[in-house]
Structure formats: C-alpha cells, structure tokens
K.L.:
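Just dropping this structure here.
Quick note: numbers below take in every heavy atom, side chains included, and nothing from hydrogens, waters or symmetry partners. In what follows, chains are A, B, ... by sequence order, proteins preceding strands, each numbered from 1.
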Amino acid sequence: MVAVTLPDGSVKAFEGVVTPLQVAEAIGPGLAKAAVAAKVNGRLVDLTYPITEDANVAIVTERDPEGLEVIRHSTAHLLAHAVKELYPEAQVTIGPVIENGFYYDFAFPRPFTPEDLERIEERMKALAAQQIPVVREEWDRDEAIRFFRDQGEYYKAEIIASIPEGETISLYRQGNFIDLCRGPHVPDTGKLKAFKLTKVAGAYWRGDARNEQLQRIYGTAWPDKKALNAYLKQLEEAEKRDHRRLGVQLDLFHFEDVAPGSVFWHPKGWRIFQKLINYMRERQLEAGYIEINTPDVMDRTLWERSGHWQNYHDHMFVTQTEDERVFALKPMNCPGACTWYKHGLHSYRDLPLRVAEFGKVHRYEPSGALHGLLRVRHFTQDDAHIFCTPEQMTAECAKVVRLILDIYREFGFEQVRIKLSTRPENRIGSDAVWDQLEAALADAVTGLGLEYELFPGEGAFYGPKLEFVLRDAIGRDWQCGTLQVDMNLPERFDIEYVAEDNSRRRPVMLHRALFGSLERFLGILIEHHAGALPLWLAPVQAVVLPISERHAEYAVSVQKQLRAAGLWCETDLRNEKITYKIREHSLQKVPYLLVVGDQEAASGQVAVRARGGVDLGAMPVAAFLARAQERIASRSTEC
RNA sequence: GCCGUUGUAGCUCAGCUGGUAGAGCAACUGAUUCGUAAUCAGUAGGUCGGCGGUUCGAGUCCGCCCAACGGCACCA
C-alpha cells in the first residue's frame, strides 16, 4: 500500500508501487492528459517515476511554470534528436532552458544555415507527431563515458567526466536518440506541440572565447499554438518600440559608417538629451554636488599614472600630434577628477566633496558589441566622484542609492534590478577593508528596504560595486547607474586631505553615475515610452495646425505666445488637409495638436487634440498653456 | 574580436537561371483652401556599401574590406 497525499491534503491509496501518471489518471483523464511531470516530496520527477512509499505528490501540468520548463527542456532534446538524425556527424553538447525557450549547442564542421533550420524544425514536428516515448535510464558513470566516446560524442563524454563521483548518471532515450540529462522530461514527444526555431549563432564551448566555437540553435516552446503565437506577436510589438527604429522615424538621431558606435544627434534628439542633462544638473545641485569639466584629450603620462594605459589600453582611442606627444581620449573621467582634486589643498571640513562632471568618454568597444544607443563608443556620463572620509562613506552610499532610485521613479522605472559585485580574485587591499566596503554597499541597499543580487567575484580589482539594471523592449538588461568604491586611484594620485589634527590622510573615493550613459538612458526611455515621451521630455510639445492658409497668421501668433512661455511649439503651415497634418504629427507622437480655424481665430482659442486622439475641445490659449505647464511641472505622463 | 544574415533612390522594398535599374511614400512644381489619422496631377532623384577579379557584358558570379542586424565573447 502506498498512500499519496495530494496538494489539497486529500490522500489516495494505491496497491504497491505507483507512478505519478497513474496518480493523475486516478484523479481524472483531463489531468493525466495535461500532465508533463510531477513533484514527489517537492522533487521534480518524471511521470514514470516509481513511488515506492507514502509521499506528497503534485502533478505538474503544462500550465505550471515548472511544467513549461520541462516542455522547453524536452523540446531542446527533440531538437538534438532531429539534428542527429539529419546530420549524424554533429556532436551534441548542452541544451538548457532559457527565458521563453531553449537552445542547444552542437559541434558541427560547418555553420547551420537558415535552410538547415527549416529542415530541422520539420523533422522535429515529424518526431513529435510520432509520440515517441521518452525513457529514463540510470547508467554507470564509466560505462556512460565509454558509450559516448564510442559514438564519437567527445563533448558529452567530457561533460559526464566532469560530473562529481557518486552522482547518479541519468540518460534519456527517445527512439534511437539518447542524451545525458538530469531530467525530468515529458513522457513522450507528443506533448511537444508548439515550438519554433528562432535563430542560429556561434557560441564558445564552455563560454570561453579561447575554446572552439560551437553552433547554437535557439528556439521557443509553449504549451500550445495560441501561447506560441502570442509570444511571437509580443516580439513583433517589441520590435516596434526598438529605439533604433523609433530614432529614425521620429528624426532623433542616426549613425554613419564613418563613425561606428557614435551618434549623430538631430535637433529633436539633442533637445531631449539637453533636457536630461538639465534635469540631472538640477537634481545634483539640490543634492549638494558641485560640477567641473576636465579635458577630453590628455597626455599618456596621466593614463600611465591612473593605470589605464597598462590595463585599459585596448579600449582607448590614442592619438599622436605633430610634436610627437602621445595623447589618449578619455575612456573615464576619474583621472581628470583626481587631477582636479589634487590641484588644491582640501580640509576635512570640505568633505564629503561631491564632484559631478558630464564627461564625454570614448571607449573602443569590440565591433560586435555595438548596439544602437545602448552600446556606443562615444558617450556622455552623468559622472560624479565623491571624496569623503572612511566614516562618511556608508552614509554617502545610502544617499547615492536613494537619489538613483528616486530619479528612476520619476522617469517611470519602478522595477530596477540591483547587482552587488564583490571582491574578485585579483585585487588590491586587505580583506578587512573589503569587508567594510562591501558591507557599506550592501547596507546602502538593504537600509532602504531593497534587495540586491549578489555577484561574488565580479567586482573591480580596486573595489566592489553596485549596478542598477533596466530592461529594454525585448527583455535585454542594460546597466545604467553604478556606484563603485575605489581604493586604487586615491593611492595612485596620492590625493589627501588635511585632518583635524593637521595630519594628511587619504580620502575614500566613490564613483557614481545615475543615468550611467545619457545615450543609453535615452535609448531605454524611448523604448519604455514607445517613443511617446512624457510632455516634459517631448522634443516638440505642441504643433499648431491651421485649417487653411487664411489661418496661418493666427497660428503663428499662437506659436509665439506658447514659445514665449517656454513651450516648444511649432506650426505646420503647409498647404495640406487638416486630416493629413493630424496623421503626420500623430505619427510623430506630438503630445498636443492645436487645430485653428475660423472659430478659434475669431475667439482667441485653440482646439486641443491630445496624444492618442483625445479631443479636449476648444479653449483659450491661456487655458491650454496653464494645462500644459501644470503637467510639465509635475512631470506627468498624461497630456 | 568570433559565427551567421543583410547592404538597390531620403524611407520601405521589387529586380527569375549574368544582358546595362523599378514601385509606393517622402522631396520639388502646379491645382485644390479643405474641421480631427494619407486631395489630385506632373517633375526630379540611384558610381546597386567599397575595392579588386571572372566575363563580350556584373546589382546579379568569385575574393578582400566596411557597416548594420541576431547571437557568443567583452563591458578593469
């Protein structure tokens, strides 16, 4: 007798050994059909897992998040199965589940083409239709290694060899395909009903660029066709808000072959850019910062002193002048800030010294890394360096974190991932100091009731860091803000302050950026709002549209009034129908369209059409202005 | 940097197996003077990403380079 306790607390008794599938069947045929795996005493197992004694059992269906993972994992196996049938010389490696799908890496003498992908997908569908049972087998470790070696599957053999002694080696067999896997898997391939291969890419074996490159095939998988289509639709929608596409459509910026990774800002894009700077400048002044500006091009000796010449040379733009001096374009602002600090004498009374700089930095990023505004070679940081005493550090960190999150909130980013990167293997400074610095950063986050993700060993050699991560339209994460503690530069530049007892002491130096890169932040903003920026950020806030030529004069007078009041307003005096103008400026996502005809001209009014086709009716110019100004002042997202 | 894909007019794209480039939108000109998402007609516009090669002949085939796109690696 085996007593099975179900999630609702009810107990079912079975004669002898029972499987989760039998349990599901005992509950109902619908559940048995939807089942893909099960949880026995909290452990995820196959539906064929033998339950030999009393246990808590939960059936996992395709609707459960864990069930979906099983489906995706099994689909990865199906992919490998199809590839091995079509291209027996391909070697299998690994095939994990990722967000929205899976991938599988193969060693194959040539790259897979898009045509190969179609063939593979067809074969996968055929294999799924055959409803091939997926069976778990437990193997002896050495036997498994020998088995895969004999099959010419050297990568697989290597993976098994790296599994610690004593762990069970489980293989899954479906038809003539057999693969190492922890499982669990769906009971048969017929459960895999909605999948699509999406892309091929090169990927390095074990993620190391020094290793050989494998062929990675990506796919997505869902419980049913409907969910798959919904996902594909969502991808399409995300593409529409891609900032690179909107940047061109809204005439904000563009790129040129002559300057890969560097932005040509158009007037409208540049206005937004300036608004961001103005905003940040205001917030920083409020928060007790001062602002400096240091040179873009500085002598090699400075970079040798900072260590960049030795450690960052590959990423630096270097230039030589007629007099044979070697200069470098700054990749970071900190050496400039240190040089500024060192220029005068600083008292402990002056600390903390919060020194901001909107620094343009140049970094020679690898060509394959470039990505619109989100990864460029030439960008502007809202950088600042805080020089303080060790005692002040914790409080300063907390202030920075609070400021960052407050500002993100004001831009509509409520959910921000925070990463804490701690001491790497190669580092300077004692463990005691690292303890203190890491604690200061961690406390700054937890003190605000927030959580962080820990990335052990990912910190810089000179200190730990916090990173603030926002997500783009198609789910890619981008680091924006950062807060780093630096034990290196104060030393290298030998900077100091005069303490109370007249001794010279070394200040702590914090690096921080809130937007991070203005280019990147603006790119994310564009995607976040799908190009329809809130009124206060919109590069064109209103356009006056005269119905016909005889209203042009009045339209211009309205524009002048609004401009004088600080609103960026334009007129469209072209000889076009009003519907045409409305369409065009709607597509440009202008917050307010002000239609003026005989009635408005006669009464000193404007007929206001707010973004999204909302008709606010006719109102006096002053009333419209008051409305707009109120929304600008409150940084409202509504028009 | 590595793997793959792509590169034709300002934009979006067509151009079969090699025979000397085409559409829509935009622009310009003219007509229309219009009340909330595209008025009509006409005109002009391209060294087909760059360089080299094969060929009687290359947008089309081959090689190298550049850039973009999707990944990987990178992002002290």
Side-chain angles (χ1 to χ4, degrees), chain A residues 98 103 105 108 110-117 198-218 239 242 244-245 248-249 251 254-261 306-308 310-315 331-332 334 363-372 374-377 421 424 426-428 458-463 465 467 474 476 478-479 482 484 486 488 516-517 520 545-552 574-588 593-600 607-610 612-618:
Chain A
I98 52 173
Y103 67 77
D105 286 347
F108 196 52
R110 66 170 177 86
F112 289 114
T113 63
E115 293 73 43
D116 290 328
L117 235 59
T198 49
K199 52 202 172 199
V200 255
Y204 301 104
W205 168 238
R206 303 217 139 144
D208 191 329
R210 287 166 303 190
N211 290 342
E212 58 270 59
Q213 197 160 43
L214 307 171
Q215 300 298 321
R216 175 170 298 177
I217 298 179
Y218 283 91
E239 257 172 55
D242 189 312
R244 291 167 299 186
R245 187 178 160 134
V248 173
Q249 280 171 2
D251 195 19
H254 83 279
F255 290 90
E256 291 278 343
D257 286 5
V258 291
S306 70
H308 288 82
Q310 300 83 327
N311 296 308
Y312 204 67
H313 193 262
D314 288 353
H315 294 267
M332 297 181 198
C334 18
R363 296 182 186 174
Y364 186 76
E365 301 288 354
S367 55
L370 302 179
H371 184 97
L374 303 188
R375 188 81 184 267
V376 288
R377 284 183 174 156
S421 300
N426 291 322
R427 59 179 183 263
I428 58 170
E458 298 285 309
F461 73 90
Y462 53 74
K465 61 183 176 186
E467 294 176 331
I474 37 184
R476 285 177 290 218
W478 296 94
Q479 183 203 311
T482 166
Q484 309 188 11
D486 190 342
N488 183 47
S517 144
R520 174 178 292 178
L545 312 178
I547 299 270
S548 83
E549 259 165 40
R550 68 175 178 277
H551 311 116
R574 291 177 305 172
N575 180 9
E576 296 289 351
K577 288 175 71 168
I578 194 68
T579 50
Y580 180 89
K581 295 181 188 176
I582 285 176
R583 176 180 156 79
E584 277 219 338
H585 298 288
S586 296
L587 289 173
Q588 286 295 306
L593 302 184
L594 309 176
V595 177
V596 295
D598 289 336
Q599 294 159 36
E600 289 77 15
V608 184
R609 181 186 164 114
V614 183
D615 183 6
L616 298 178

K.L.:
Once you round it to whole Å, what is the distance between C1' of A76(B) and NE2 of H313(A)?
P.N.:
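My rounded result for the distance is 15 Å.
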K.L.:
Would you check, one step at a time, whether the test salt bridge (charged side-chain N to carboxylate O under 4.0 Å, His left out) holds for D116(A) with R110(A)?
P.N.:
CA-CA 11 Å; D116(A) 290 328; R110(A) 66 170 177 86; 2.8 Å; yes
K.L.:
Record whether the side chain of E365(A) comes under 3.5 Å of the base of G1(B) through a donor-acceptor pair of N or O atoms.
P.N.:
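A donor-acceptor contact between them is absent.
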K.L.:
Select base, sugar-phosphate, or nothing to describe what Y580(A) touches, counting heavy atoms under 4.0 Å on all strands.
P.N.:
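If one applies the 4.0 Å heavy-atom cut-off, Y580(A) turns out to touch the sugar-phosphate alone, with no base involved.
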K.L.:
Reckon R216(A) has a side-chain N or O less than 4.0 Å from the OP1 or OP2 of G4(B)?
P.N.:
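Indeed not, no polar side-chain atom of R216(A) lies that close.
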K.L.:
Can you tell me how far P in U12(B) sits from the matching atom in C72(B), rounded to whole Å?
P.N.:
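These two P atoms come out 26 Å apart once rounded.
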K.L.:
Between A67(B) and U36(B), how many Å separate the two C1' atoms, rounded to a whole number?
P.N.:
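These two C1' atoms come out 42 Å apart once rounded.
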K.L.:
Less than 4.0 angstrom between a side-chain N/O of S367(A) and OP1 or OP2 of G1(B), yes or no?
P.N.:
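For G1(B), OP1 or OP2 has a side-chain N or O of S367(A) closer than 4.0 Å.
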K.L.:
Tell me the interatomic distance from Q310(A), atom CD, to A76(B), atom P, rounded to whole angstroms.
P.N.:
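So the CD-P distance, Q310(A) to A76(B), works out to 17 Å.
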K.L.:
Of the nucleotides G71(B), G35(B), A73(B), which one has an atom closest to the side chain of I547(A)?
P.N.:
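Ranking G71(B), G35(B), A73(B) by closest atom to the I547(A) side chain puts G35(B) first.
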K.L.:
With a non-hydrogen cut-off below 4.0 angstrom, is Q249(A) in contact with a base, only sugar-phosphate, or nothing?
P.N.:
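Counting heavy atoms under 4.0 Å across all strands, no contact is made by Q249(A).
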K.L.:
When you check the phosphate oxygens OP1 and OP2 of A76(B), does a side-chain N or O of K465(A) lie under 4.0 Å from one of them?
P.N.:
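True: K465(A) side-chain N/O within range (under 4.0 Å) of A76(B) OP1/OP2.
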K.L.:
Does the side chain of H371(A) get closer than 4.0 angstrom to OP1 or OP2 of G70(B) through an N or O atom?
P.N.:
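So the side chain of H371(A) is within the cut-off, an N or O lying under 4.0 Å from OP1 or OP2 of G70(B).
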K.L.:
Would you kindly check whether a donor in the side chain of R210(A) faces an acceptor in the base of A73(B), or vice versa, at under 3.5 angstrom?
P.N.:
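No.
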K.L.:
If you measure from the P atom in G50(B) to the same atom in G10(B), how many Å do you get, rounded?
P.N.:
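Going atom to atom, P in each nucleotide, I get 13 Å.
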K.L.:
How long is the line joining CG of D105(A) and P of A73(B), in whole Å?
P.N.:
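One finds 10 Å between P of A73(B) and CG of D105(A), rounded.
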K.L.:
Could you state the CG-C1' distance from L214(A) to C3(B), rounded to the nearest angstrom?
P.N.:
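From L214(A) CG to C3(B) C1': 11 Å.
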K.L.:
With a non-hydrogen cut-off below 4.0 angstrom, is P366(A) in contact with a base, only sugar-phosphate, or nothing?
P.N.:
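Base, at least one base atom sits under 4.0 Å.
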K.L.:
Contact class for R363(A) vs. all strands (heavy atom < 4.0 Å): base, sugar-phosphate, or nothing?
P.N.:
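It contacts nothing in the nucleic acid.
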K.L.:
Looking at the side chain of E600(A), which of G35(B), A68(B), A37(B) is the nearest nucleotide?
P.N.:
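From the listed options, G35(B) comes nearest.
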K.L.:
Rounded to the nearest angstrom, tell me the gap between atom CZ in R377(A) and atom C1' in C74(B).
P.N.:
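Distance check: R377(A) CZ to C74(B) C1' gives 12 Å.
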K.L.:
Check for a donor-acceptor pair, side chain of H308(A) on one end and backbone N or O of H313(A) on the other, with a separation under 3.5 Å.
P.N.:
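The answer is no, because no donor-acceptor pair under 3.5 Å joins these two groups.
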K.L.:
Mark yes or no for a side-chain to base donor-acceptor pair under 3.5 Å between Y204(A) and G1(B), with no hydrogen or angle criteria applied.
P.N.:
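Between G1(B) and Y204(A), which were checked side chain against base, a qualifying N/O pair under 3.5 Å is present.
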K.L.:
So what does E256(A) touch, heavy atoms closer than 4.0 Å: a base, only the sugar-phosphate, or nothing?
P.N.:
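Answer is nothing: E256(A) stays at 4.0 Å or more from every strand.
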K.L.:
Rounding to the closest angstrom, what is the interatomic distance between G18(B) and U55(B) at atom P?
P.N.:
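These two P atoms come out 16 Å apart once rounded.
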K.L.:
Atom CD of Q588(A) and atom C1' of C11(B): how far apart are they, to the nearest Å?
P.N.:
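Spelled out: CD on Q588(A) to C1' on C11(B) is 13 Å.
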K.L.:
Under 4.0 Å, heavy atoms only, any strand: does D598(A) hit a base, just the sugar-phosphate, or nothing?
P.N.:
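If one applies the 4.0 Å heavy-atom cut-off, D598(A) turns out to touch a base.
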K.L.:
How is N311(A) classified with respect to the nucleic acid when contacts are heavy atoms under 4.0 Å: base, sugar-phosphate, or nothing?
P.N.:
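The answer is base, as N311(A) lies within the cut-off (heavy atoms under 4.0 Å) of a base atom.
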K.L.:
Looking at residues at least two apart in the chain, or sitting in another chain, which of them share a ring pair (Phe, Tyr, Trp, His ring centres under 6.0 Å) with H585(A)?
P.N.:
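H585(A) satisfies ring pair (Phe, Tyr, Trp, His ring centres under 6.0 Å) with no residue once adjacent residues are dropped.
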K.L.:
With a distance cut-off below 6.0 Å to the six-membered ring centre and an angular limit of 45° from the axis, does R210(A) pair with Y204(A) as a cation-pi contact?
P.N.:
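No, R210(A) does not sit over the ring of Y204(A).
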K.L.:
Ignoring hydrogens and geometry beyond distance, is a side-chain donor-acceptor pair present between E256(A) and H254(A) at under 3.5 Å?
P.N.:
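Present: a donor and an acceptor within the cut-off.
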K.L.:
Take atom P in A21(B) and the same atom in C64(B), then report the distance between them in whole Å.
P.N.:
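Looking at atom P only, A21(B) and C64(B) are 29 Å apart.
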K.L.:
Identify which nucleotide among G35(B), A76(B), U33(B) has an atom closest to any side-chain atom of Q599(A), counting heavy atoms from C-beta outward.
P.N.:
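That would be G35(B).
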K.L.:
Counting Watson-Crick and G-U wobble pairs whose two distances are both under 3.5 Å, find the runs of 3 or more in a row that involve RNA chain B.
P.N.:
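So the stems come out as B:1-7 with B:66-72, B:10-13 with B:22-25, B:27-31 with B:39-43, B:49-53 with B:61-65.
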K.L.:
Under a 4.0 Å N-O cut-off, is there an ion pair linking E212(A) with R206(A)?
P.N.:
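A salt bridge is absent here (no side-chain N lies under 4.0 Å from a carboxylate O).
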K.L.:
Is the base of C74(B) touched by the side chain of R375(A) through a donor-acceptor pair closer than 3.5 angstrom?
P.N.:
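Between C74(B) and R375(A), which were checked side chain against base, a qualifying N/O pair under 3.5 Å is present.
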K.L.:
If you check every side-chain atom of R244(A), which of A76(B), G4(B), G70(B) has the closest atom?
P.N.:
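Given the options A76(B), G4(B), G70(B), the side chain of R244(A) is closest to G70(B).
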K.L.:
Taking atom P in both G71(B) and U29(B), compute the distance separating them and give it to the nearest angstrom.
P.N.:
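Result for the P pair: 44 Å, nearest Å.
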K.L.:
Just checking T579(A): base, sugar-phosphate only, or nothing, at a heavy-atom cut-off of under 4.0 Å?
P.N.:
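Sugar-phosphate: the residue T579(A), judged by heavy atoms under 4.0 Å, touches backbone atoms but no base.
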K.L.:
Once side-chain hydrogen bond (donor to acceptor under 3.5 Å, both in side chains) is applied, do any residues pair with S421(A), and if so which ones, sequence neighbours excluded?
P.N.:
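Here no residue qualifies.
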K.L.:
Report which part of the nucleic acid I578(A) touches: base, sugar-phosphate, or nothing (heavy-atom distance under 4.0 Å, all strands).
P.N.:
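Sugar-phosphate, backbone atoms only, no base.
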K.L.:
Answer with base, sugar-phosphate or nothing: what part of the nucleic acid does A203(A) contact at a heavy-atom distance below 4.0 Å?
P.N.:
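The residue A203(A) makes sugar-phosphate contact but no base contact.
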K.L.:
Between A26(B) and G46(B), how many Å separate the two C1' atoms, rounded to a whole number?
P.N.:
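The same atom, C1', in both gives a distance of 16 Å.
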K.L.:
Choose from G1(B), A68(B), C3(B) the nucleotide whose nearest atom is closest to any side-chain atom of Q213(A).
P.N.:
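So the nucleotide nearest the side chain must be C3(B).
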K.L.:
Between the side chain of T198(A) and the main-chain N/O of Y218(A), is any donor-acceptor distance below 3.5 Å?
P.N.:
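Yes, T198(A) side chain to Y218(A) backbone: donor-acceptor pair under 3.5 Å.
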K.L.:
Applying a 4.0 Å non-hydrogen cut-off, can you work out what Y103(A) is touching in the nucleic acid: base, sugar-phosphate, or nothing?
P.N.:
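Contact class for Y103(A): none.
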K.L.:
Nearest-Å distance, CZ (R574(A)) to P (U39(B))?
P.N.:
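Roughly 11 Å, once rounded to whole Å.
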K.L.:
Return the value, rounded to whole Å, for the distance between atom CG of N426(A) and atom P of A76(B).
P.N.:
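Taking CG of N426(A) and P of A76(B), I get 15 Å after rounding.
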K.L.:
Please report the C-alpha distance between R583(A) and T579(A) in whole Å, then the side-chain angles of each, then the deciding distance to 0.1 Å, and finally whether the side chain to side chain contact (heavy atoms under 4.5 Å, CB included) criterion is met.
P.N.:
CA-CA 6 Å; R583(A) 176 180 156 79; T579(A) 50; over 6 Å; no
K.L.:
Does R216(A) form a side chain to side chain contact (heavy atoms under 4.5 Å, CB included) with V200(A)? I'd like the steps, not just the answer.
P.N.:
CA-CA 6 Å; R216(A) 175 170 298 177; V200(A) 255; over 6 Å; no
K.L.:
Short question: side chain of K581(A), backbone of I547(A) - any donor-acceptor pair under 3.5 Å?
P.N.:
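Judged by distance alone, no pair lies under 3.5 Å.
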K.L.:
Measuring to OP1 and OP2 of C72(B), would you say a side-chain N or O of Y218(A) lies under 4.0 angstrom away?
P.N.:
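The answer is yes; a side-chain N or O of Y218(A) sits under 4.0 Å from OP1 or OP2.
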K.L.:
What does R609(A) touch in the nucleic acid at a heavy-atom separation under 4.0 angstrom: a base, only the sugar-phosphate, or nothing?
P.N.:
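The residue R609(A) makes base contact.
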K.L.:
Looking for any heavy atom pair under 4.0 Å, which part of the strands does G207(A) touch: base, sugar-phosphate only, or nothing?
P.N.:
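Result for G207(A) = sugar-phosphate.
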K.L.:
U33(B) and U39(B): how far apart are their P atoms, nearest whole angstrom?
P.N.:
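Comparing P positions in U33(B) and U39(B) gives a spacing of 15 Å.
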K.L.:
Could you tell me whether E212(A) contacts a base, only the sugar-phosphate backbone, or nothing, with contacts defined as non-hydrogen atoms closer than 4.0 Å?
P.N.:
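Nothing, no heavy atom under 4.0 Å.
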